[in-house]
Protein chains: 2
Amino acid sequence: MSSVSPSAPRTGPAGAPPAGSRPGGRSARVRAAVHRAVKELVADESGDALTIPVVAARAGVHATTVYRRWGSVGELLSDVATSRFTGGFVVPDTGSLRGDLERYAANMARDLSDPDTLALVRATLGSGGEQGAAACQGDRRQQLAAILEREEARGGGTPSLDHLTDALVAPLYYRAVFTDLPLATAWARDLVARLLPDEAPQLPADR
Amino acid sequence: MSSVSPSAPRTGPAGAPPAGSRPGGRSARVRAAVHRAVKELVADESGDALTIPVVAARAGVHATTVYRRWGSVGELLSDVATSRFTGGFVVPDTGSLRGDLERYAANMARDLSDPDTLALVRATLGSGGEQGAAACQGDRRQQLAAILEREEARGGGTPSLDHLTDALVAPLYYRAVFTDLPLATAWARDLVARLLPDEAPQLPADR
DNA sequence: CCAGTATCGCACCGATGACTGCTTTTATTG
DNA sequence: CAATAAAAGCAGTCATCGGTGCGATACTGG
């Protein structure tokens with residue numbers, strides 16, 4: 001008998017700067033504060049239940065505001081995850097497919113190695129449902145597609161996007177989320193090596 | 001100021017039939033009822049918050065019982081996930097590594113395709129923390145190790161367990177948890193094919 | 001069949017989470 | 001600079017979650 005709050009005005013759909021209304025200073029500041037509070041609380045992992053009042057209190061914002069802008073913890077987490085995982089890092093351009101992928105995989109590995117990030121992913125999956133799951137991927141697909149497209153323009157035959165996801169993205173995410181194995185960059189490079197048979201690796205030293 | 005309940009007697013560590021104490025009729029029945037209630041509630045996905053009182057009510061069990069046997073929602077979910085994912089299906093034995101893996105991957109795909117199972121995984125990840133994540137894997141590693149060991153006894157060189165995880169388990173889980181792409185058995189077979197180059201597939205018709 | 005004990009049900013309490021009108025502040029627009 | 005409307009703050013209500021002490025119950029071993 002809950003879950004639906006038919007009254008909330010909620011102008012913007014809780015995504016980025018509210019569509020056409022008021023991107024002004026305060027809203028943005030509140031949004032940032034809430035986002036940071038969520039990240040911190042999720043990172044703390046004190047089993048603090050991550051509830052709206054707690055988030056609001058830590059953000060120095062009134063709970064009402066959070067209730068109105070975001071409807072529930074799930075939506076809030078999805079929003080945070082979205083802005084955390086989209087536009088994050090730039091797509092590498094090393095000149096070769098292998099180089100791009102190795103760089104990209106290494107970036108992803110480093111990103112997912114952060115315990116705070118990992119906690120955010122888990123929490124978002126837990127209460128963000130289908131939407132939250134999507135949010136945890138961010139641009140990944142577009143970014144990989146861009147790499148692939150560039151390589152195609154360059155000439156060579158490329159693996160499909162799905163194949164790439166299976167061979168690269170999936171192992172990274174799986175290890176991070178489900179196991180406690182370390183996400184070494186050497187291992188990430190191995191993934192690329194298995195995906196692209198033969199020929200020597202492009203990046204001798206990492207970063 | 002929560003998370004630790006120093007008083008609870010809690011004889012069995014909330015795992016399977018209580019170690020040496022009392023596997024008797026009622027306890028087992030209660031346990032089963034609670035487990036089923038959790039599964040149903042998680043499956044319902046009504047955003048019902050999945051709280052202890054709610055679980056207890058649906059199980060027809062008093063909340064106190066749940067509080068005492070399991071300490072928190074996280075532990076409860078971990079327990080349910082563990083018993084859901086361990087000893088589930090038998091390790092296939094088709095006589096060849098490829099056959100075993102294809103069969104195993106297909107089973108896993110079918111298993112993870114169930115929306116209820118998926119919801120359980122997500123919820124467990126969300127509030128079960130590290131332990132919950134481990135619980136979602138069940139015997140997978142041992143089972144794959146068994147398949148590998150059998151193949152080694154048979155003679156052939158086998159891929160490493162980690163490699164197997166990256167190439168098979170990870171994509172399955174990733175697709176299920178993070179995307180809404182279907183987990184077709186044909187695709188699962190492709191995964192095996194990419195893992196084991198050359199030679200024709202062993203199972204012409206599935207199941 | 002009986003004693004012993006683990007386990008469950010019941011009544012109860014404090015704390016706090018979810019949600020709602022109303023007022024006040026702040027950003028935009030002319 | 002003034003008017004307007006959106007968004008945030010405030011106070012307060014209601015439901016219910018988390019947790020405890022005690023008595024009743026059912027399982028186990030002799």
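Protein chains get the first letters and strands the later ones, always in sequence-line order, with residue 1 at the start of each.
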- Query: Ion pair present between A/R58 and A/D44, side-chain N to carboxylate O less than 4.0 angstrom?
  - Reply: yes
Problem - B/D166 and A/R194: CA distance, side-chain angles, deciding distance, salt bridge (Lys or Arg N to Asp or Glu O under 4.0 Å) verdict - result: CA-CA 11 Å; B/D166 293 340; A/R194 283 203 285 261; 3.2 Å; yes
What class does the angle between the rings of A/W70 and A/H35 fall in, given that below 30° is parallel, 30 to 60° is tilted and above 60° is perpendicular? tilted
*asked:* When you measure from the side-chain N and O atoms of A/H62 to the phosphate of D/dC10, is any distance below 4.0 Å, counting only OP1 and OP2?
replied: yes
Against the side chain of B/P53, the closest entry in D/dG18, D/dA8, C/dG9 is D/dG18
From CG of A/L50 across to C1' of C/dG17 the rounded distance in Å is 13 Å
Handout entry: A/D114 with A/K39: basic N within carboxylate O range, under 4.0 Å
Key = no
| message | At 4.0 Å (heavy atoms only), tell me whether B/T51 reaches a base, stays on the sugar-phosphate, or touches nothing. | response | sugar-phosphate
Practice prompt. Please state whether the base of D/dG9 and the side chain of A/R68 form at least one donor-acceptor pair under 3.5 Å?
Written response: yes
Of the candidates C/dC8, D/dG18, C/dG9, the side chain of B/I52 sits closest to D/dG18
Base of C/dC19 paired with side chain of A/T64 (donor-acceptor, under 3.5 Å)
no
Phosphate oxygens OP1/OP2 of C/dA18: is one of them under 4.0 Å from a side-chain N or O of A/Y67? yes
Rounded to whole Å, CZ of B/R29 lies from P of C/dC8 at a distance of 11 Å
